[in-house]
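Nothing here was measured: the structure is a model prediction, and the numbers come from that model. Ligands are counted one by one from 1 in listed order, and the atoms in each one are counted from 1 as well.
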Amino acid sequence: MSANGWHPGLRESATFDRNAIAEIQRAAREGIYDIRGWGAKRRVPHFDDLLFLGASVSRYPLEGYRERCDTDVVLGDRHASRPLRLDIPITIAGMSFGALSAPAKEALGRGATAMGTATTTGDGGMTEEERGHSETLVYQLLPSRYGMNPDDLRRCDAIEIVVGQGAKPGGGGMLMGQKISDRVAEMRDLPKGIDQRSACRHPDWTGPDDLEIKIGELREITDWEKPIFVKIGATRTYYDVALAVKAGADVIVLDGMQGGTAATQEVFIEHVGIPILAAIPLAVEALQELDMHRRVQLVVSGGIRTGADVAKALALGADAVSIGVAALIALGDNAPALDPEYAAIGSAAGYYDDWQAGRDPAGISTQDDALAARLDPVLGGRRLANYLRTLTLETQTLARACGKSHVHNLEPEDLVALTVEAAAMARVPLAGTSWVPGVTSS
Ligand SMILES: Cc1cc2nc3c(=O)[nH]c(=O)nc-3n(C[C@H](O)[C@H](O)[C@H](O)COP(=O)(O)O)c2cc1C
C-alpha cells in the first residue's frame with residue numbers, strides 16, 4: 001500500500017466504498033443504527049454550485065472603501081409591535097443547552113451580541129448564562145416542550161415554533177444519557193443519565209389549523225409584542241411555507257437537509273429532506289404568491305460557511321441566514337490543536353461528529369463539568385464575533401461587486417449556476433447560457 005492509501009491493482013467499489021463497508025461492519029457489530037451530530041456529509045447541490053456575475057460594462061460596481069453597503073435587517077414586523085432589528089443578516093441557530101455546554105451557550109450569546117445579532121435557545125429551555133449574555137434572544141417552543149417555561153416566553157425577544165429541522169424533518173430530538181446531568185435533568189423534568197428521545201410532533205396539534213391557534217395563544221401571552229417565527233425542515237417547502245404564513249407566522253425559518261444536529265440517526269441526516277439550494281426558491285415562490293415576500297421574512301440555514309454562502313442565500317430571496325455547525329467551529333470545535341485528544345476517542349480534528357457522546361475535548365458538546373470548563377466563553381465569544389464579522393465583510397464585498405448598496409438588493413439575476421442540477425434547483429441560468437432548466441426552453 002502506498003502512503004496515500006492507494007492499493008495498486010486493487011479496485012475500490014463505487015457502490016460499496018470504504019464508508020459503506022465500515023457502516024455494514026459497524027451495524028453487524030452493534031446491531032443498532034448510528035447516531036451522530038453535525039449535518040449531512042455527502043455532497044449535494046449547494047451554494048458552491050453558484051457564481052456571482054460581478055459588475056462590468058453593463059453593470060456598475062460600488063467602491064469598497066467609500067461607498068456604503070448596508071447589512072441591517074428587521075425580522076418580524078408583520079404583526080409584532082417589537083420586531084427584531086439586527087445589524088447583520090446572520091443569526092445563531094437554535095442549539096439546545098444539553099446538546100451544548102453552558103459556557104458554549106454563553107459564548108454564542110456573547111459573540112452574537114458583539115455583532116448586533118440574535119441567538120436562539122433550543123430543546124431544553126433557556127439558561128441564565130444565555131439570557132444574560134444575549135442582547136437579542138429567540139426562545140424556541142419545541143414538540144418536546146422540554147424546559148418550556150411561560151415566564152421565559154415573556155423574557156425572550158422572539159418566539160420560534162419548531163415544527164422541524166433540516167437534519168431530521170419528521171423526526172424528534174435525541175439526548176443520550178451521558179449528557180443528562182443534574183442540571184439538564186432538572187430543566188427538562190427528566191431522570192438523570194437516561195437516554196431521552198423527544199417528540200417528533202407537537203402534542204396539541206393534529207394539523208395546520210392548530211398552528212394558527214398556537215400562534216394566537218403565544219401572541220396573547222406576549223401582548224402582541226414578540227415576533228413569532230416558525231421553523232421548518234425543508235421537504236414540501238412550497239406548501240409548508242404557504243400554510244405557516246396563513247397560520248400567521250411573522251418569520252419563516254427554513255432549514256435545509258445539510259443542516260446541523262446534535263444527535264440524529266445517520267440514515268436520517270443523509271436521506272431525508274431537500275438541499276437548501278432547492279428549498280429557497282420554493283419558499284420565495286410561496287411567499288410571492290401570497291404577496292408576503294419581504295413582509296414575512298425568510299431566514300435560511302443548512303451548511304452556511306462563508307460570506308459567499310450568505311450572499312447567495314440572500315440573492316435567492318432570503319432575508320437572513322442562520323448558522324449552527326459553523327458557529328461551533330468558530331468557538332473552537334474540531335480545532336487542530338486538539339487532534340491528539342480527538343484521536344484518543346477514536347476521531348480526528350476536522351472529523352469529530354460524536355456530539356451525542358458528551359466527550360468533546362473542546363468543551364462544547366458536553367455536560368461534563370471538567371470538559372466544559374475548558375471553553376472560555378469570553379474567548380469563544382470573541383472568536384465567534386470575528387467569524388461573524390468576516391462573513392459580513394465577505395457578503396458586503398460580493399454585494400458591492402454586483403453594484404448593491406444593501407445586501408438585500410442582491411437578486412437571482414446576479415447569479416449563474418455551474419451545473420444543470422444547481423440551475424434547475426436554484427432557478428438561475430446555467431453559466432454562459434440563458435437556460436434555466438424547467439423554466440426556459442433554451
Ligand atoms: C449542536 C446542535 C444542536 C442543535 N439543537 C437544535 C435545537 O435544539 N432546536 C432546533 O430547532 N435545532 C437545533 N439544531 C439545528 C440548528 O438550529 C440549525 O437548524 C442547523 O444547525 C443549521 O445548519 P448548519 O449547522 O449547517 O448551520 C441544532 C444543531 C446543532 C449543530
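With Arg389 contributing its side chain and Met115 its backbone, the two residues share no donor-acceptor pair below 3.5 Å. Between the side chain of Gln396 and the main chain of Cys69, a donor-acceptor pair closer than 3.5 Å is present.
Side-chain atoms of Thr91 and Ser322 form a donor-acceptor pair, as typed in the model, at a separation below 3.5 Å.
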- Any chance you could lay out the side chain to side chain donor-acceptor pair (under 3.5 Å) test for Thr71 and Asp87, step after step, and finish with the verdict? CA-CA 6 Å; Thr71 60; Asp87 294 342; over 6 Å; no
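In terms of polar-atom proximity, defined here as any N/O pair under 3.5 Å, Asp123 does make such a contact with ligand 1. Distances between N or O atoms of Ala93 and those of ligand 1 include no value under 3.5 Å. Considering backbone and side-chain N/O atoms, Gly303 comes within less than 3.5 Å of an N/O atom of ligand 1. In terms of polar-atom proximity, defined here as any N/O pair under 3.5 Å, Val325 does make such a contact with ligand 1. On a distance-only criterion, Leu328 and ligand 1 share no N/O pair closer than 3.5 Å.
Shown here is Arg145, whose CZ atom has more than 12 heavy atoms of other residues, nucleotides or ligands within 6.0 Å.
Taking the six-membered ring where tryptophan is involved, the planes of Trp355 and Trp38 are essentially parallel, since the angle between them stays under 30° and well short of 60°.
Contact annotation: for Gln258 versus ligand 1, heavy atoms closer than 4.0 Å belong to the backbone alone.
For atom 17 (O) of ligand 1, the nearest non-hydrogen atom from the set Gly37, Gly94, Ser144 belongs to Gly94. Among Lys231, Arg305, Met257, the residue whose heavy atom sits closest to atom 12 (N) of ligand 1 is Lys231.
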